[in-house]
Amino acid sequence: MKNLLKSIVENSKEYTKEGKVASYIPELSKANRDALGICVVTLDGKEYFAGDFEEKFTVQSISKVVSLMLAILENGKKNVFSKVGMEPTGDSFNSIMSLEVKNPQKPFNPMINAGAIVTTSLITGDSSEEKIENILSFTRKITDNKEIGINEEVYMSEKLTGNRNRALAYFMKSNGHIDGDVEEILDVYFKQCAMEINCRDIARIGAVLANDGVLPWSGERVISRETSRIVKTIMVTCGMYDASGEFAVHIGIPAKSGVGGGIMASVPRRMGIGVYGPSLDSKGNSIGGIKILQELSEELDLSIF
Ligand code: GLN
């Protein structure tokens, strides 16, 4: 396995040149475009690594999976999906159009920014500090990593420039999609996106989902089997935004990307995979990360279809 991962990372390196690191959050533009790494966590607890697997990066949209798991755990699926839908959009992750034109009832799904801001608004806590602490402690639990914290520079960078998310959130407030103070909800959202992790952390999240909601390293159940199934299904249909269909055809694994360069993937009953490569394609997905997952899926026959 180790040699396989090493050769796949080598083969995928050339593709990083074809993409760009995210710059709309200014701090993210400092990432090393050529970095590429992978970690695989199997359900019997074995962990395999290759490439720049130790590099830290911000979780960004992969946090939408974590907040969805937690929101369902705390509120129940009925409440959560009365406020956010389950349908793919075919639009970019920060599109504002569908909120008014296509589906004014609720945001399409929890993997686009609008839907994720709604999910975050449902996390329990008496203050925004308590809410982010709640998300952080759940993240530490499902990664078995107590060290996870927030990258303050990336958080501040998005807080200062995140006007598209502000527009989405105020629009949803005006429509009654979100309750509470918009700036406080956004503050929690920007912080959850700025949680700093590495390939191993996200591979472990993938492994928990692959293991139907049970931590493979301790046997503790953190979410129900049903929630785990719902989350993986939404990852298949919406996790790679408007590239989800193509990703399902070529790779066929539930996955979630983030503009920090990470992709978290979960192969049911087999393994969790974390890849990192901050060079992104035009849809905001890691270009080298997708190549790695494609080759790994072909080599190990990982497609669920
Ligand atoms: N924090 C980012 C944003 O809201 C996350 C987007 C992403 O990773 N696709 O724009």
Side-chain angles (χ1 to χ4, degrees), residues 19-31 56-68 84 88-99 107-121 123 132 135-136 139 150-172 178 182-183 185-197 199 201-202 205 234-235 237-244 247 255-265 274-287 289-290:
K20 286 197 192 100
V21 298
S23 56
Y24 77 100
I25 300 173
E27 195 64 25
L28 294 182
S29 64
K30 295 183 180 164
K56 287 185 174 176
F57 53 97
T58 52
V59 66
Q60 298 299 336
S61 280
I62 301 168
S63 71
K64 294 167 178 174
V65 172
V66 177
S67 52
L68 179 62
V84 57
T89 60
D91 300 323
S92 62
F93 65 82
N94 56 8
S95 172
I96 198 161
M97 174 180 65
S98 57
L99 282 180
F108 266 80
N109 68 67
M111 300 291 115
I112 53 168
N113 288 11
I117 292 168
V118 169
T119 316
T120 296
S121 77
I123 300 298
I132 190 64
I135 296 173
L136 269 169
T139 308
I150 288 160
N151 179 318
E152 290 294 325
E153 286 77 30
V154 174
Y155 156 61
M156 280 312 293
S157 184
E158 185 166 19
K159 192 176 168 74
L160 290 170
T161 58
N163 290 321
R164 172 69 76 110
N165 286 324
R166 226 163 246 122
L168 289 168
Y170 277 104
F171 191 81
M172 291 192 291
I178 48 177
V182 175
E183 289 300 331
I185 294 166
L186 283 169
D187 201 56
V188 180
Y189 174 76
F190 293 146
K191 280 186 177 151
Q192 77 172 57
C193 288
M195 288 190 293
E196 200 166 54
I197 40 88
C199 287
D201 298 319
I202 51 174
I205 299 174
I234 294 176
M235 284 164 66
T237 54
C238 313
M240 304 297 285
Y241 313 115
D242 42 339
S244 298
F247 190 87
K256 181 74 205 84
S257 62
V259 290
I263 303 178
M264 180 271 282
V275 292
Y276 170 60
S279 179
L280 307 179
D281 64 19
S282 61
K283 311 228 158 147
N285 296 322
S286 170
I287 202 162
I290 289 182

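Just follow the structure's listing: the first ligand is 1, and inside any ligand the first atom is 1.
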Could you go through the side-chain contact (heavy atoms from CB on, under 4.5 Å) check for Ser244 and Thr237 one step at a time?
CA-CA 6 Å; Ser244 298; Thr237 54; 5.9 Å; no
Is the contact between [X] and ligand 1 made by the side chain, the backbone, both, or neither, using heavy atoms and a 4.0 Å cut-off?
| X | answer |
| --- | --- |
| Arg164 | neither |
| Phe190 | neither |
| Asn165 | side chain |

Once rounded to the nearest 0.5 Å, what's the spacing between atom [atom1] of [X] and atom [atom2] of [Y]?
| X | Y | atom1 | atom2 | answer |
| --- | --- | --- | --- | --- |
| Ile135 | Ile123 | CD1 | CD1 | 5.0 Å |
| Gln60 | Leu28 | CD | CG | 5.0 Å |
| Tyr241 | Asn109 | OH | CG | 9.5 Å |
| Ser257 | Ile290 | OG | CD1 | 7.5 Å |

[atom] [closest protein heavy-atom partner, distance rounded to 0.1 Å]:
| atom | answer |
| --- | --- |
| atom 5 (C) of ligand 1 | Ser61 OG, 3.3 Å |
| atom 1 (N) of ligand 1 | Gln60 OE1, 2.6 Å |
| atom 10 (O) of ligand 1 | Tyr24 OH, 2.6 Å |
| atom 3 (C) of ligand 1 | Glu158 OE2, 3.1 Å |

Within ligand 1, which atoms have a heavy atom of Cys193 less than 4.0 Å away?
1 (N)
Which atoms from ligand 1 have a heavy atom of Gly258 less than 4.0 Å away?
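Taking each heavy atom of Gly258 in turn, ligand 1 has 8 (O) under 4.0 Å.
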Side chains of Tyr170 and Glu183 only: does a donor on one sit below 3.5 Å from an acceptor on the other?
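Distance-only check passes for Tyr170 and Glu183.
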Does ligand 1 come near enough to Val259 that some N or O of the ligand is less than 3.5 Å from an N or O of the residue?
yes
Any N/O of Tyr241 closer than 3.5 Å to an N/O of ligand 1?
yes
With distance as the sole test, does Ser286 use its side chain to make a donor-acceptor pair with the main-chain N or O of Gly277 at under 3.5 Å?
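Here the side-chain-to-backbone pair exists.
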Given 3.5 Å as the limit, does a donor-acceptor pair link the side chain of Lys64 with the main chain of Met111, or not?
yes
